[in-house]
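For reference, positions follow the sequence shown, starting with 1.
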Amino acid sequence: MSGSLSRRAVLAGVGAVAAGAVLPRAAQAASGDPLAEPLGVAISDLGPASQVLNFGNGVRVGNEIWFATRQILPTRVAAYDLTEQRITKTALIPGVPGIWGIDAVGTDVFVSSYSPGLLFRVDTRTLDVTQVLDLRQEVGWNTKASPDGRIFVGTYPSARLWEYDPATGRATDHGRMDPDDTYVRDLVATDTTVYCGIGSHAGLVAYDRATGTRTDILPAELRDRTFGAVCHLAGDHLVVGISPTAEILVIDTRDTSRYQILKTPDDSFVVGITSRDDEVFYTTRPSGSLYRFRLGDSTPTLVGVPVAEASNVRLGFLDDGRLWAVQSAGGILYDLDTRTTEALDMSSPDLAPTPERPMSLCHAGDRIVVGGTLGVQVVSTEVTPAFPTFRVPFGGEAKDMEAHGGVVHMGVYTLARYLTMPADGRAVTEVARVDAAQEQTRPTSVTVDPRRGLVLMSTEPDYGRWEGALNIWDGQRFRSWRGILPDQTVQSVCPDPHGVFLGGSIVNGYGTTPTTTRAKLAYFDYRTERLAWLVEPTEGGVIVDLKLIGRVLVGMTRDGELFALDPRTREVLWRVDVGAVGGKLAVIDDRIFGTDGGRLWTVRVTRHEPTPSVLADGLNQSWFGTPEVVTDGARTLFTTRGLNLIRVDLS
């Protein structure tokens, strides 16, 4: 074994690199290797990696529908005037990447943000924005007003309930609504009670505003679900959408032992609920369906599919009886009599598609495919673009991608879906989903095993669930091995002639508490369909990527440790620090390239401990997930600086 197994920070730094700058070319090593250390680089800016217009919630205030953006920068709220039929107002919400919760008291709109969790007041007449509360949480998931004009906010990750009184400015932390869970996913308030939908293990808490008493009123037959996800009051009845089964729970608030459960066929999530009199309407995901039932009915009726695959996150009625809905891409009006849908015109100088934090990258010939919200962006690899940048929309988020044989293979959240797109195409096809019985939702890695014609996709389980899976697509169906890594999610995969290396994560479904402390590394043998071996090669908790370089397997952990293993003997050869954050790796010959969010680095892989070198600094990357580098496999890398895609040519 070469060197010490203790982690050491050994990066040799360089200064920040401006667009188009060229670092001096270094003398090549005596071996003649054109990529021998140190390397020079030329960096070219290719413009925004991904741009989109994305909304997370909305509320009607008089003749205006107020929309709140998420996952794009800067964060804004915007008013659509129903008379003028256009966006007439926008206001900037500072210092946060997006908004989840929104409601109104009088002419003031209140919004709750994520990362950090804050509460803001927006005066809809003057457009003044004021931060009124620090929730001391990562996310303010939902914001609802009570009839007496108080604002209630539910949070993640400690499932707290906050109350804010706009009249006095007083804020009250009512504490955790569930001591063992992480989300107040949604809530609704009366003069006496706040009803809180709990996750990631489903609960439904009735919080007495006068006494502070908490009573869980979720029926026993729903205890194995993940969320009480959407809450709405229809008169004296509480209507709750249950995940991940798209069931509707209707509880009589006068006697909570009286309830009904309505089944929704062939869908997974209830995303929006509204009502008029005793008639309740709700929308589901991923189908985008709209359903209706009357209180007392035992089954819902399908009204239609206003926008296929859409997520209608907020619903309400206009005075003329039409439904309005906030979608991720904007808003719609739906006429229940004619079954027709009208898309709202969201165009505005302040609401043009805006750079978002990318989720994944893929090099596909003459283009880079960038995964984002509601689709992928396709960007030319050339400094002088060979074609204009364009977007391919679809429901979901491409968490990982790989191009092979002229096809881009995508692992898409939610529902652990596998999509493909011709590398030169403009449309995606859903090929398959992991069987719902496996309870998987978020792909973590996708790769193609060209020797056997297989697509390998690792996934993590649904919220509150345990055991991720290795999923293998053989051209006809997915076969899944859930729990193949004991008590862990499969985070990364790397094919080998006779099987696949699996990198683990101690994190299971969101909202669970890890039961292990070190990420596992295993080898799954195709011939036996079992693990041939299992080791713990690192102190890190998540192995975000694996690459096989000759006879050395290299792994990258989320906390910035790069390690090498001899897969024949399972001997750990070396471990080195390459930065504060570990990302997905690119390979050219015997070199690994990666980024820690600020620096682009490289090492030459041998059995001996390397000295990493920094190729570029000051990148200030902003990812929605794991930083990533991709390559053409020859002399060019692609990654990001800020929210822009950059091309890095090696010399």
Side-chain angles (χ1 to χ4, degrees), residues 55-70 74-84 86-114 116-137 139-155 160-174 184 186-191 194 209 231-233 272 274 313-319 324-326 331 344 346 348 350-351:
F55 298 96
N57 212 329
V59 64
R60 183 184 170 193
V61 181
N63 200 47
E64 298 170 337
I65 302 174
W66 281 81
F67 292 81
T69 67
R70 69 180 181 95
T75 298
R76 290 186 170 96
V77 291
Y80 180 91
D81 188 291
L82 290 162
T83 300
E84 297 191 29
R86 64 183 182 92
I87 296 292
T88 56
K89 304 172 184 176
T90 60
L92 179 70
I93 308 298
V96 295
I99 294 166
W100 280 121
I102 184 170
D103 213 342
V105 174
T107 59
D108 287 340
V109 165
F110 291 83
V111 296
S112 57
S113 67
Y114 57 89
L118 306 172
L119 181 68
F120 295 87
R121 178 177 59 219
V122 181
D123 187 318
T124 62
R125 299 164 299 179
T126 66
L127 299 184
D128 290 337
V129 176
T130 307
Q131 179 186 320
V132 297
L133 181 58
D134 184 343
L135 301 167
R136 301 197 295 273
Q137 294 283 287
V139 182
W141 260 112
N142 48 80
T143 300
K144 294 289 181 66
S146 62
D148 58 343
R150 306 293 177 89
I151 290 291
F152 291 89
V153 185
T155 72
R160 306 186 84 83
L161 177 67
W162 283 84
E163 177 182 350
Y164 176 75
D165 185 349
T168 64
R170 180 184 177 186
T172 305
D173 178 2
H174 292 291
V184 174
D186 198 15
L187 60 85
V188 65
T190 71
D191 287 324
V194 182
R209 294 177 58 182
C231 300
H232 174 79
L233 278 171
T274 193
V313 295
R314 193 71 173 262
L315 297 175
F317 278 98
L318 300 182
D319 296 340
W324 62 268
V326 175
L344 302 186
M346 305 300 291
S348 164
D350 290 334
L351 282 180

For this session: Indicate yes or no: at least one non-hydrogen side-chain atom of I99 is less than 4.5 angstrom from one of T69.
Result: no
Exercise. So, for V194 and A189, which heavy atoms are closest and what is the spacing to 0.1 Å?
Worked result: CG2-CB, 4.1 Å
Exercise. Side chains of H232 and L315: does their closest heavy-atom pair fall under 4.5 Å?
Worked result: no
Exercise. Relative to the ring of Y164, is the ring of F110 parallel (under 30°), tilted (30 to 60°) or perpendicular (over 60°)?
Worked result: tilted
For this session: Search all heavy atoms of L135 against all heavy atoms of W162 and return the closest pair with its distance.
Result: O-NE1, 3.4 Å
For this session: Could you go through the side chain to side chain contact (heavy atoms under 4.5 Å, CB included) check for R60 and F317 one step at a time?
Result: CA-CA 9 Å; R60 183 184 170 193; F317 278 98; 5.9 Å; no
Exercise. F152 versus L161: any side-chain heavy-atom pair under 4.5 Å?
Worked result: yes
For this session: Using the salt bridge (Lys or Arg N to Asp or Glu O under 4.0 Å) rule, pick out the option among R121, R170, R150 that qualifies with D165.
Result: R150
For this session: Could you pull out all residues at least two apart from Y114 that satisfy ring pair (Phe, Tyr, Trp, His ring centres under 6.0 Å)?
Result: W100
Problem set entry | G316 to T274 - nearest heavy-atom pair and separation | CA-OG1, 3.8 Å
For this session: Report yes or no: do D148 and S146 form a side-chain donor-acceptor pair below 3.5 Å?
Result: yes
Exercise. Any Lys/Arg nitrogen of D186 or K144 sitting under 4.0 Å from an Asp/Glu carboxylate oxygen of the other?
Worked result: yes
Exercise. Does the pair R136/D134 count as a salt bridge with the N-to-O cut at 4.0 Å?
Worked result: no
